[in-house]
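Structure first, commentary second.
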Number of protein chains: 2
Amino acid sequence: MDRRQEILEAASKSFSLFGYKATTMDQVAKIANVGKGTIYTFFSNKEILFQEIVVKMIQEMKTAADEAISAEKPFQQNAHAVLMKVLEFREVHLLYAKLIEEEKELRTPAVKHVLIRIEQEIVNFVGDKIKTAISKGEIRECEPDLVAYLLLKAYFGFVADWGETHDFELSEEKIASLFRDTIFRGLLP
Amino acid sequence: MDRRQEILEAASKSFSLFGYKATTMDQVAKIANVGKGTIYTFFSNKEILFQEIVVKMIQEMKTAADEAISAEKPFQQNAHAVLMKVLEFREVHLLYAKLIEEEKELRTPAVKHVLIRIEQEIVNFVGDKIKTAISKGEIRECEPDLVAYLLLKAYFGFVADWGETHDFELSEEKIASLFRDTIFRGLLP
DNA sequence: GTGTGACTGAATCTCTCAATCAGTCATTTT
DNA sequence: AAAATGACTGATTGAGAGATTCAGTCACAC
């Protein structure tokens with residue numbers, strides 16, 4: 001059996017269930033049925049192992065986001081679908097959810113860096129879609145990276161932070177129409 | 001001399017310099033030249049004293065925001081001016097800046113509550129301006145509270161968070177044009 | 001050569017005791 | 001008598017030392 005793969009799967013399981021800090025290399029070794037030293041022949045340290053798993057997750061997320069896009073639909077609908085899919089990922093994907101929790105209460109630096117990186121990957125992804133939309137004339141000229149950042153921060157704000165200061169959740173339809181009437185409407189040619 | 005006022009000024013100074021947690025009632029008493037017991041004849045506890053000072057600060061902030069508005073200018077410019085003024089306040093006003101710092105590293109609950117309250121006051125303030133603009137026909141019908149929340153989160157994101165993940169700051173002109181081309185343009189009739 | 005787990009020391013946790021501080025109230029001052 | 005005070009209290013927090021944990025290594029086994 002592929003030992004490297006076994007280790008990755010074991011670590012992935014453990015990081016998802018217990019988070020970065022609470023996952024020990026001894027535990028990963030045990031789950032993977034290898035000696036601890038073996039892990040270090042494939043991954044130079046815990047953080048590298050962690051990052052490789054996160055990169056895998058980012059790939060998954062990109063795939064999921066791409067699947068939410070359909071070529072016939074207008075930019076606005078696709079952008080909304082992508083952002084909602086990403087936000088869903090935050091809650092549904094065990095590892096992602098665990099990392100957000102860990103960042104909030106433990107403030108593990110490695111986790112912070114990784115979350116920043118994930119966010120940047122999302123911004124880049126959305127930024128690319130915006131560039132494509134501009135070149136197709138679907139939306140007006142604009143600074144793609146700024147707009148992508150704006151969209152992400154705004155969506156995150158409504159889906160993640162709104163609940164903390166209000167005692168009712170916003171329906172997806174409310175969110176969609178808000179963005180349709182503001183940011184997206186402003187982007188149209 | 002007005003003892004109540006003396007206490008308020010002393011406490012305000014101390015909260016601004018040392019934050020909520022590091023301010024002791026003994027210290028406030030000393031600065032105000034009163035016995036500690038005297039404080040408790042005017043304010044039932046430390047948190048109430050703190051809140052009264054924060055309410056004063058909110059008033060100041062509202063005044064500053066109102067001064068940034070001019071009746072002749074279009075909604076968009078006024079909204080931008082108000083939000084930038086509020087964001088400037090975050091950095092310039094000693095107490096506000098100190099509280100943000102304390103919330104980040106100490107996570108004092110009393111400070112968290114107060115910061116949430118300040119944010120809500122700002123959202124309400126902006127929400128009111130939006131309602132007025134709608135009734136004047138300056139902007140289209142929309143959900144004022146949602147749009148206010150969106151504007152605040154987006155502005156905060158760019159002015160407070162952008163610097164953390166990028167090594168260059170955004171000029172105010174860049175920010176202004178981004179919002180002009182997106183959210184504001186979408187709000188126009 | 002490959003895989004292993006006992007070993008190391010640096011970092012973190014835990015437990016104890018000391019110090020701090022919000023809030024009270026008996027006493028003093030006006 | 002009304003207002004002001006600061007020594008006092010107990011609950012919470014901090015500091016320090018000792019114990020524990022764990023990432024990473026390396027001598028040995030297979």
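Note on naming: letters A, B, ... go to the chains in the order of the sequence lines (proteins, then strands), and numbering restarts at 1 for each one.
Proximity note for B:V34 (side chain, C-beta onward) versus D:dA23, C:dA22, D:dT5: the nearest is D:dT5. The side chain of A:Y40 sits closest to D:dA23 out of D:dT5, C:dA22, D:dA23.
When rounded to the nearest whole Å, the span between CZ of B:F43 and P of D:dA4 equals 13 Å. Atom CG in B:N33 sits roughly 9 Å away from atom P in D:dT5 (whole-Å rounding). B:M25 has its CE atom 15 Å from the C1' atom of D:dT5, to the nearest Å. At whole-Å resolution of the value, NZ in A:K30 and P in C:dT4 are 15 Å apart. For the pair B:I39 CD1 and D:dT5 C1', the interatomic distance rounds to 11 Å; values are reported in whole Å. A:D26 has its CG atom 14 Å from the C1' atom of D:dT20, to the nearest Å. Residue A:N45 contributes atom CG, which lies 13 Å from atom C1' of D:dT25 at whole-angstrom precision. Atom CD1 in B:I48 sits roughly 14 Å away from atom C1' in C:dG23 (whole-Å rounding).
Looking at heavy atoms from C-beta onward, A:M61 lies out of side-chain contact with A:H93 at the 4.5 angstrom threshold.
Linking Ile, Leu, Val, Met, Phe, Trp and Tyr whenever their side-chain heavy atoms come within less than 4.5 Å leaves A:F168 and B:I116 in two separate clusters. B:I31 and B:F50 are assigned to two separate hydrophobic clusters, defined by single-linkage of ILVMFWY side chains at heavy-atom distances under 4.5 Å.
Backbone-only engagement by A:K21 is indicated by non-hydrogen atom pairs under 4.0 Å involving sugar-phosphate atoms exclusively. Counting non-hydrogen atoms under 4.0 angstrom, B:T38 reaches a base of the nucleic acid. At a threshold of 4.0 angstrom between heavy atoms, the contacts of B:K36 include nucleobase atoms, whether or not backbone atoms are also involved. Here B:T23 lies in heavy-atom contact (under 4.0 Å) with sugar-phosphate atoms only.
Salt-bridge check for B:K62 with B:E121: passed, with a basic side-chain N closer than 4.0 Å to an acidic carboxylate O.
Look at B:R3 and you'll find a side-chain N or O under 4.0 angstrom from OP1 or OP2 of D:dA4.
Side-chain contact check for B:E172 and B:H80: at least one donor-acceptor pair (N or O, by modelled atom type) lies under 3.5 Å.
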